[in-house]
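Working notes, beginning with the structure itself.
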Protein chains: 2
Amino acid sequence: MIDPEPAGASEAGGRREEIVEIASRLFAERSYRGVGMRAIASAVGVQPASIYHHFSSKADILDAIIADVTERFIAAHLYLLDPKFVTASSMRQLVTEHVVYFWQHRIAEAVGLRELKELSVARAEHVRRSRRSYQDAWICAIQVGVSGGWLPAQNPRVAALALLSMINGVNAWYREDGPLSIAEVAEMHAEMAVTGLLGRPSKRHVDSPRRG
Amino acid sequence: MIDPEPAGASEAGGRREEIVEIASRLFAERSYRGVGMRAIASAVGVQPASIYHHFSSKADILDAIIADVTERFIAAHLYLLDPKFVTASSMRQLVTEHVVYFWQHRIAEAVGLRELKELSVARAEHVRRSRRSYQDAWICAIQVGVSGGWLPAQNPRVAALALLSMINGVNAWYREDGPLSIAEVAEMHAEMAVTGLLGRPSKRHVDSPRRG
DNA sequence: TACGCTAACGAACGATCGTTAGGCACTGTC
DNA sequence: GACAGTGCCTAACGATCGTTCGTTAGCGTA
């Protein structure tokens, strides 16, 4: 209640968004179970009971955090993998936008990744289904590329999952105070993914040192 | 070393190992904070108080789980990245063994990744330092390859971290009942990593669709 | 027989958990 | 000026948390 905002108003809408934002930061730092309602309340500057005027339960806050951060990106970008139109260029573009988007939403993404099991079963399943459709779209798109002869990937499924691991992993190590902007890192990953990871003829067993 | 027992005796060595094994499974499934001492005790078939004869605290169990699963692998394999002797072959071998080892120890690895912050500060720092040395060894090795002309990676640091994300991500999607053995997946990743991801001349911006 | 050790027990400790009940101050509407 | 709604409060609920207590049964050794 610092500023009921006649004009300017740094926080739009109010408490609910504030709680979501603060709780997501706390959950990302100390995990969902590691943060109590009292901790959230005191970080917001409010009594624990007051939170229940905005959310019906603690899990409801988690719902609001995870809600559609991931799904929104997927829904908005699946078209780039459409089997009928997918190209190396559209793949590169998707990788780039994926990396940038996931970094921009890194807090919610981290919570969504780590605390998926704490979500209500229905919503967790919904998120999982959404991710699965994204995965499948990648696999299918790579398969198209292989069939079309312009992607020499050896195993489309393994390649897709490796690619997704690679670009989802950026958030785990990237730091903004380093020498590279996230956009640069994103473009490097697009290059590594499409030209390198997927775009290499699979001359197998040339000199690979078989393990005993 | 599975069974030093003279006869019968279904459990080798004893309770301590049994508790570690059961607790790590529970922690991996429901998280460290999501599993109480009572749940561990009842899974072991013992009263909660009895666990304190084997461990001084709950965090002590976590210590025993994470202990040196990761570090043992790193310490045993760093030689493969020795700047003086590293080759594409040794890199391929390391990727393969990394994937297989991490899958075989997937439960402890999952707990170690997810619950690192729950560890005592000293031990957490030790684990982090160990991982960091592995990372740095990869970066350095790739740099050697680039200088030597046999690895055309664009940015050694980014490439190394992308590579590690890729191979660390396998555990998140691989399932044993699929069509591929973990060894096959491991070798595919070795191929993708060394031949594809790292081994591609960096013709940049050929036709990449710059984002607005 | 007496001692010490290990491994386990049932019961309880204080703290913290998510949540709820009931009330107070303010706001805009009729 | 009465009324409903909103936002927040204090206080407390029952449950569960990690942990500690005192005790005991069994075993090997002096």
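Naming: A, B, ... by sequence-line order, numbering from 1 per chain.
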- Just by distance, with hydrogens left out, do A:R92 and A:T195 show a side-chain donor and acceptor under 3.5 Å apart?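 Distance-only check passes for A:R92 and A:T195.
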Using whole Å, what does the distance between atom [atom2] of nucleotide [N] and atom [atom1] of [X] come to?
X: A:M37; N: D:dC17; atom1: CE; atom2: P; answer: 18 Å
X: A:K58; N: D:dA15; atom1: NZ; atom2: C1'; answer: 15 Å
X: A:R30; N: C:dT16; atom1: CZ; atom2: P; answer: 13 Å
X: B:E17; N: C:dA7; atom1: CD; atom2: C1'; answer: 15 Å
X: B:I51; N: C:dC9; atom1: CD1; atom2: C1'; answer: 13 Å
X: B:Y52; N: C:dA11; atom1: OH; atom2: C1'; answer: 15 Å
X: B:I19; N: C:dA7; atom1: CD1; atom2: P; answer: 10 Å
X: A:R33; N: D:dC17; atom1: CZ; atom2: C1'; answer: 12 Å

- Message: Could you work out, with ring-ring contact (aromatic ring centres under 6.0 Å, His included) as the rule, every residue matching B:H77, not counting sequence neighbours?
- Response: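 For B:H77 the ring-ring contact (aromatic ring centres under 6.0 Å, His included) partners, ignoring immediate neighbours, are B:F73.
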- Task: Check DNA chain D against residues 40-50 of chain A and give the residues with a non-hydrogen atom under 4.0 Å, in numerical order.
- Result: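 DNA chain D contact set from residues 40-50 of chain A: A:V46, A:Q47, A:A49, A:S50.
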- Give me the residues of residues 114-123 of chain A where at least one heavy atom lies under 4.0 Å from an atom of DNA chain D, by number, or none.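 None - not one residue of the stretch has a heavy atom sitting under 4.0 Å from the strand.
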Distances for protein N or O near nucleotides 23-28 of chain D N or O, under 3.5 Å:
none

- Message: Please compare A:R38 and B:A59 by the position of their nearest nucleotide in DNA chain D and report the one closer to 5'.
- Response: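 It is A:R38, whose closest nucleotide lies nearer the 5' terminus.
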Using distance only, find each side-chain donor-acceptor pair of residues 105-116 of chain B under 3.5 Å and give its atom names and separation, not counting sequence neighbours.
| residue | atom | partner | partner atom | Å |
| --- | --- | --- | --- | --- |
| B:H105 | ND1 | B:Y101 | O | 3.0 |
| B:R106 | NH1 | B:W103 | O | 2.7 |
| B:E109 | OE1 | B:T70 | OG1 | 3.1 |
| B:E109 | OE2 | B:T70 | OG1 | 3.4 |
| B:R114 | NH2 | A:R114 | O | 2.3 |
| B:E115 | OE2 | B:Y32 | N | 2.9 |

Got a sec, which residues hit side chain to side chain contact (heavy atoms under 4.5 Å, CB included) with [X], two or more places apart in sequence or on another chain?
X: A:N168; value: A:H98, A:F102, A:L164
X: B:Q143; value: B:I139, B:P156
X: A:D82; value: A:K84, A:F85
X: B:V20; value: B:F55, B:A64, B:I65

- Item | Qualifying salt bridge (charged side-chain N to carboxylate O under 4.0 Å, His left out) pairs, either residue in residues 126-140 of chain A, two or more places apart |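 For residues 126-140 of chain A: A:E125-A:R128, A:R132-A:D136.
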- With sequence neighbours left out, which residue pairs that include part of residues 22-32 of chain B fulfil the salt bridge (charged side-chain N to carboxylate O under 4.0 Å, His left out) condition?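 Those involving residues 22-32 of chain B do not exist here.
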Please report, to 0.1 Å, the donor-acceptor pairs under 3.5 Å made by any side chain of residues 34-52 of chain B, with sequence neighbours excluded.
| residue | atom | partner | partner atom | Å |
| --- | --- | --- | --- | --- |
| B:S50 | OG | B:Q47 | O | 3.4 |

- Query: A:H54 side chain: which of D:dC8, D:dT19, C:dA8 is closest?
  - Reply: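 Per side-chain heavy atoms of A:H54, the pick is D:dC8.
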- Item | No-H, no-angle donor-acceptor pair, A:R15 side chain to D:dG7 base, under 3.5 Å |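 Answer no: no donor N or O sits under 3.5 Å from an acceptor.
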- Query: Can you tell if the side chain of A:E18 reaches within under 4.5 Å of the side chain of A:R15, non-hydrogen atoms only?
  - Reply: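 Yes. Closest side-chain heavy atoms under 4.5 Å.
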